[in-house]
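First up is the structure itself, then whatever we jot down about it.
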Amino acid sequence: MAEGLMKRFYGKGTYVQSAGVKNDLEIDGFCIAVCEELGVELSRHRSRSFDEMERMGEVLSSFDVVVALSPLSRELASELTRGFHTDLEYWPIVDPSGKGETRAAKLEAYREARDQIIAQITSNWGKPPL
């Protein structure tokens, strides 16, 4: 969600690449749905691991900021950026994947996570020029 929202808000003026601890997960349908509500298309997005990024030539030391959204990704990013002049931020976003019993409740949990990400993005980089 964070990559899609950043690209939607700030366009190509900021290079954004999402990565995670795992890359074997498909993008969650609820994540796609709540981002679509804001005009952010994620259906073709796929997650990458930090290792896969490195194989693709994306060196973490070349990034100005790495944002971790989970404790595990924060730990791994900290190890991978140690000794680099890369800022590491941790945004403790609620994990919506196990919340809610009904479709409506699940969507609400994903909206909460999306809105937390938006609040962090705008707090750090200002109101989008949209």
Side-chain angles (χ1 to χ4, degrees):
M1 278 195 273
E3 177 185 354
L5 291 164
M6 280 289 293
K7 287 179 176 178
R8 171 76 168 94
F9 291 167
Y10 305 104
K12 297 180 185 197
T14 302
Y15 182 73
V16 179
Q17 180 65 60
S18 64
V21 177
K22 299 179 182 180
N23 69 337
D24 60 350
L25 303 174
E26 291 186 26
I27 301 300
D28 188 300
F30 291 109
C31 187
I32 292 169
V34 300
C35 284
E36 213 168 66
E37 294 172 351
L38 301 180
V40 176
E41 198 278 313
L42 295 181
S43 64
R44 293 178 299 200
H45 183 79
R46 62 183 289 279
S47 60
R48 295 168 191 81
S49 67
F50 290 118
D51 289 338
E52 186 177 4
M53 279 185 61
E54 292 276 337
R55 286 193 303 274
M56 294 170 57
E58 298 284 351
V59 182
L60 285 179
S61 63
S62 67
F63 287 85
D64 295 323
V65 179
V66 172
V67 177
L69 302 180
S70 73
L72 186 56
S73 65
R74 176 182 58 181
E75 183 180 318
L76 183 56
S78 179
E79 290 174 23
L80 293 172
T81 60
R82 187 170 286 122
F84 299 143
H85 295 287
T86 302
D87 291 335
L88 175 59
E89 293 190 20
Y90 174 53
W91 299 350
I93 305 301
V94 163
D95 179 1
S97 60
K99 296 191 174 222
E101 296 296 319
T102 65
R103 183 177 198 292
K106 288 182 181 296
L107 283 169
E108 193 53 41
Y110 277 79
R111 286 183 190 111
E112 178 184 352
R114 176 200 65 198
D115 294 346
Q116 287 179 346
I117 292 169
I118 290 170
Q120 288 286 354
I121 288 172
T122 57
S123 172
N124 281 273
W125 290 286
K127 185 176 178 183
L130 300 177

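We use all heavy atoms of the structure for the numbers below, so side chains are in, but hydrogens, waters and symmetry mates are not. Please read all numbers here as calculations on a predicted model, not as lab measurements.
Listed by chain and residue number, nothing satisfies the side chain to side chain donor-acceptor pair (under 3.5 Å) test with R103 (two or more places apart in sequence, or in another chain). Here E112 pairs with V94, Q116 under the side-chain contact (heavy atoms from CB on, under 4.5 Å) rule; sequence neighbours left out. Taking E36 as the reference, nothing meets the side chain to side chain donor-acceptor pair (under 3.5 Å) condition, with sequence neighbours excluded. Among residues two or more places apart in sequence or in another chain, the side chain to side chain donor-acceptor pair (under 3.5 Å) test is passed with E3 by K7, S18. Taking D95 as the reference, S97 meet the side chain to side chain donor-acceptor pair (under 3.5 Å) condition, with sequence neighbours excluded.
Residue V16 is grouped with residue I27 when hydrophobic side chains (ILVMFWY) are merged at heavy-atom distances under 4.5 angstrom, including chains of intermediate members. Hydrophobic clustering of Ile, Leu, Val, Met, Phe, Trp and Tyr side chains at less than 4.5 Å, counting indirect connections, unites L72 with L76.
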| task | Using the side chain to side chain contact (heavy atoms under 4.5 Å, CB included) rule, take V34 and E37 through it: C-alpha gap first, then chi angles, then the decisive distance, then the call. | result | CA-CA 5 Å; V34 300; E37 294 172 351; 4.2 Å; yes
| Candidate pair V66 and L80, rule side chain to side chain contact (heavy atoms under 4.5 Å, CB included), full reasoning | CA-CA 10 Å; V66 172; L80 293 172; over 6 Å; no
| request: Let me see the working for L38 and R114 under side chain to side chain contact (heavy atoms under 4.5 Å, CB included), right down to the final yes or no. | output: CA-CA 10 Å; L38 301 180; R114 176 200 65 198; 3.6 Å; yes
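For T122 against Y10, the heavy-atom pair with the smallest separation is CA-OH, 4.2 Å. Scanning all heavy atoms of the two residues, the minimum distance from L69 to A2 falls at CD1-CB, 4.3 Å. For G100 against K106, the heavy-atom pair with the smallest separation is O-NZ, 3.1 Å.
Considering only heavy atoms from C-beta on, N124 stays 4.5 Å or farther from V65 through its side chain. Side-chain contact between I117 and Q120: absent, with no pair of heavy atoms (C-beta onward) separated by less than 4.5 Å. For the pair P71 and Y90, the minimum side-chain heavy-atom distance is below 4.5 Å.
For residues 72-87, the side-chain hydrogen bond (donor to acceptor under 3.5 Å, both in side chains) pairs, not counting sequence neighbours, are S70-S73.
Salt bridge annotation for R111-E108: present, with a cationic side-chain nitrogen under 4.0 angstrom from a carboxylate oxygen.
Atom-to-atom distance recorded for K127:NZ and I121:CD1 is 15.5 Å, nearest 0.5 angstrom. Separation of atoms CG (L5) and CG (L42) is listed at 7.5 Å; rounding is to 0.5 Å. Here CE of M1 is found 4.0 Å from SG of C31. Values are rounded to the nearest 0.5 Å.
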